[in-house]
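Side chains included, hydrogens not; waters and symmetry mates left out as well; all remaining heavy atoms used.
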Amino acid sequence: MCGIVACVGRAQAEPVLIEGLKRLEYRGYDSAGIAVLDSKGLQVAKAVGRVRVLEQSIDGDDRFIATMGIAHTRWATHGGVTEANAHPHMDDDDRGHGIAIVHNGIIENHAALKTWLTQQGHVFRSDTDTEVLSHLIGELYDGDLAAAVRAALRRVEGAYAIAVICEKEQGVLVAARRGSPLMIGVGADGYLVASDTQALVTHAQQVASLDNDVVARITGEGFVTADLDNAPVTPRLQELELTLEQIELGEHEHYMAKEIAEQPVSVGRCLRGRLKVNDGRVVLGGITDQARAMVRAKRLVFLGQGTALHAGMIGAYLVEDLAKMPTSAEFASEFRYRNPIIEDGTVVVAVSQSGETADTLAAVQEAQQRGAMALGLVNVVGSSIARTTDAGVYLRVGPEIGVASTKAFLGQVTAATLLAIYLGRRRVMSESQASDLLRALEGMPEHLAKVVDDGEHAKAVAERFVARDNWLFLGRGYNYPVALEGALKLKEISYIHAEGMPAAEMKHGPIALIDDGMPVVVVATRNSQYRKVLSNIEEVRARGGHVIGVVTEGDEEAASLCEAVFTVPDVPEPLQPLLTIVPLQLLAYHAAVLRGHDVDKPRNLAKSVTVE
C-alpha cells in the first residue's frame with residue numbers, strides 16, 4: 001500500500017517520478033501527488049484517482065521542470081480520499097521553510113504531536129498523520145534538514161518510510177525508514193529513492209536498502225547515512241537484478257493472467273538446484289547454519305496473513321505429515337497480541353511475498369523476543385522479514401504485480417514442501433521415500449504447464465455461474481487450505497461472496513445456505529479422504545447446489561457427480577495443492593473479467609500491507 005518515488009541528480013525529475021508512480025500502481029492507492037524543487041521554489045500538484053490524472057494535470061506545465069522531486073501514491077488511512085489529504089504534505093506556511101514530505105506508514109502518536117504543534121501556533125490543512133510529521137520537521141528545522149528529520153523521528157512512534165525536500169536546501173533529499181521499506185537507487189544520472197525496486201528499473205543499476213532508524217542525506221553527487229543519533233551507518237550496495245521485461249505485461253491482458261501463466265517457470269525456478277533426487281536430499285543453503293537446531297525443534301508455527309496464511313496452513317500439513325513434528329499455522333495479527341506460549345524448541349516460519357507484511361514482521365519479532373528461532377519464506381531479497389529472521393528460503397518466483405497473489409502462493413507452497421522434506425529426511429523419512437517425493441516434485445513444472453493452459457475452459461465455466469453472488473468452496477486435508485484460497489481469490493477480484501471450509505464442516509451449519517443453483521466448488525482429487533469428499537458432493541447435489549469439481553485426470557466417478565469439471569494430473573497427495581489451486585485461480589480471474597472489474601487493482605486492496 002502507498003508508494004514513494006524521489007530523485008535528485010541531472011535528469012528531469014517529473015518524467016522519472018511519474019514513471020515510477022506508474023510502476024507502483026499495483027500496490028493499491030486512491031490518490032497521487034508530486035512536488036519538484038528548483039531555484040524558483042516548490043511546485044506541488046495532487047490528484048484524486050489514478051496517476052494518469054495527476055500526469056494530465058501537469059502536462060506541459062513548465063513550473064514542473066526541475067532535477068529533483070518527490071512523488072507518492074496514497075492509500076487512505078487517516079482522512080478521506082481528497083486532494084487535501086493526498087501527499088506531498090508541507091510544513092506550516094508561517095515558518096517559511098518550504099518543507100515537503102511523502103510518507104508510507106502510520107504515525108501512532110500523531111494526535112499528541114498535533115496537539116503540541118497546535119499549541120506552538122501551527123495550522124493544519126489536512127486530516128492526515130503525515131502532515132503532523134511535516135510540521136514537526138518544520139518546527140525543529142534550524143538550517144540542516146537531515147538534523148531536523150533525525151530530531152523529529154526521535155519523537156515519533158509508529159512505522160514510516162519518508163522522503164523530504166526543503167526550499168532552503170536546494171539539491172538535498174533526505175530519506176528515512178522504520179518498519180516500512182525504502183531503498184536508494186544509484187544510476188548514471190543521479191540518485192533515486194523508492195519504496196519498491198520496481199520504481200527503480202531503467203534508472204538505477206545498484207540499490208541499497210535502508211535499515212530501520214537510518215536517515216540518508218542524498219545529493220546529486222552521493223549520499224551519506226546515519227542513525228537517529230547521527231552515528232555513521234554504511235549501507236550495502238547490491239546490483240539491481242530486476243529487468244523491464246519481468247515487470248511488463250507482454251502479450252497478456254492483465255498481470256494476474258501473466259503470473260498464472262508463469263507458474264510452471266516460477267515453480268521450476270524455486271526448485272532449481274535444490275533437489276538431489278537420487279540421494280533423497282533437499283539443499284536449502286539459506287538454513288544450513290540452523291540445520292541442527294531445526295531438526296531438534298519441538299514445534300513449528302507458520303505465521304502469515306491472507307494468501308500467505310493459506311500457504312502456511314499447507315506447510316503445517318506437510319511438516320506434520322512428512323516430518324512428524326507438531327505444527328500449526330496462525331494469523332500473524334492474532335499471534336502477536338494474544339500473549340503466545342513460546343516453549344523451548346519453538347520455530348516460527350514467516351510466510352510473506354513482499355517480506356514487508358507488518359503483522360507478520362511484528363509477530364516474528366514478538367516470537368524472537370520470547371526465545372523462538374525464526375525462518376522466513378519470502379520472495380524479495382533483502383526485505384525486512386528476510387533480514388530479521390535467523391534463516392530462510394527465498395521463493396525465487398520473480399516479481400509479482402497483480403494484487404491477488406498467484407505465483408507467489410505456489411512459490412510459498414513449494415518452499416514449504418521443500419522445508420518439510422528437508423526436515424522429514426533428517427527425522428523420519430527413508431531415502432527411497434524422499435526420492436520418490438522429490439522425483440514427483442521435479443515433474444511439477446510440466447504438470448503445471450498442462451493445468452495453466454485450461455483458461456478457455458475456465459472462462460466457459462465462469463460464464464455459467466458468474467451471475468450467482470454466493471459460492472462455497474470445499475476441500476479436505478491438504479485441499480482444505482486450497483478451498484480457502486480459492487474462495488479468497490474469487491472474493492478479492494470478482495467481489496462475489498465466497499466461503500471456503502473443510503468439506504465436513506458444511507454439515508455443521510453452512511449446509512443451510514445451499515439452495516437451488518448455488519455454485520459449490522469441491523476439490524475432489526483421489527487421496528486419503530476421496531470417498532468422504534464424494535459423499536459431501538452428493539449432499540450438495542441433494543439440495544440443488546451446482547457442483548464444480550476439481551478431480552484427478554481419468555476419474556470418471558467423481559466427474560459424473562459434477563456439472564462442471566477441472567482435471568489435474570495424478571500426483572502424490574502432499575503435492576496436490578500445487579495443482580488443485582490453479583483452476584480456482586483461473587476461475588476467479590475470468591469471473592472478475594466477465595464482471596468488468598479491474599483485475600490487477602481490486603478495490604480497497606493493496607499488494608503489500610505495511611501497516612497493521
Check whether the ring centres of Y495 and H597 lie less than 6.0 Å apart, and answer yes or no.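 Yes, ring centres under 6.0 Å apart.
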Would Y589 and H254 count as a close aromatic pair, with their ring centres under 6.0 Å?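 Ring centres of H254 and Y589 closer than 6.0 Å.
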Any chance you could lay out the side-chain contact (heavy atoms from CB on, under 4.5 Å) test for E356 and V378, step after step, and finish with the verdict? CA-CA 9 Å; E356 303 292 347; V378 302; over 6 Å; no
Exercise: identify the closest heavy-atom pair between M444 and L575: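 Where M444 meets L575 most closely, the heavy atoms are CE-CB, 3.8 Å.
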Heavy-atom closest pair, residues A199 and A194: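 Scanning both residues completely, I find the closest heavy atoms to be CB-CB, 3.8 Å.
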Given S405, which of E400, Q585, E259, Q353 fulfils the side chain to side chain donor-acceptor pair (under 3.5 Å) condition?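 For S405, the side chain to side chain donor-acceptor pair (under 3.5 Å) test succeeds with only one of E400, Q585, E259, Q353, which is E400.
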Hey, which of S352, S384, S333 is the one that makes side chain to side chain donor-acceptor pair (under 3.5 Å) with T357?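 With T357 as partner, side chain to side chain donor-acceptor pair (under 3.5 Å) holds for just one option, S352.
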Flag the pair L240 / Q238 as yes when at least one side-chain heavy-atom distance between them is below 4.5 Å, and no otherwise.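 The answer is no, as the side chains (C-beta and beyond) never meet within the 4.5 Å cut-off.
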Could you go through the side-chain contact (heavy atoms from CB on, under 4.5 Å) check for D359 and F331 one step at a time? CA-CA 9 Å; D359 294 299; F331 284 102; over 6 Å; no
Does L441 form a side-chain contact (heavy atoms from CB on, under 4.5 Å) with T417? I'd like the steps, not just the answer. CA-CA 9 Å; L441 191 58; T417 305; 4.2 Å; yes
Test item: side-chain donor near acceptor, D570 and T552, under 3.5 Å: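 Short answer, no.
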Quick check: are there more than 12 heavy atoms from other residues, nucleotides or ligands sitting under 6.0 Å from CD of E553?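 Atom CD in E553 is packed in, count exceeds 12.
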Would you say that more than 12 heavy atoms from the other residues, nucleotides or ligands in this model lie under 6.0 Å from the CD of E446, or not?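 No - once you tally the heavy atoms of other residues, nucleotides and ligands closer than 6.0 Å, there are 12 at most.
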Go through the steps to decide whether Q263 and L410 satisfy the test side-chain contact (heavy atoms from CB on, under 4.5 Å), and finish with yes or no. CA-CA 7 Å; Q263 289 179 131; L410 254 67; 3.6 Å; yes
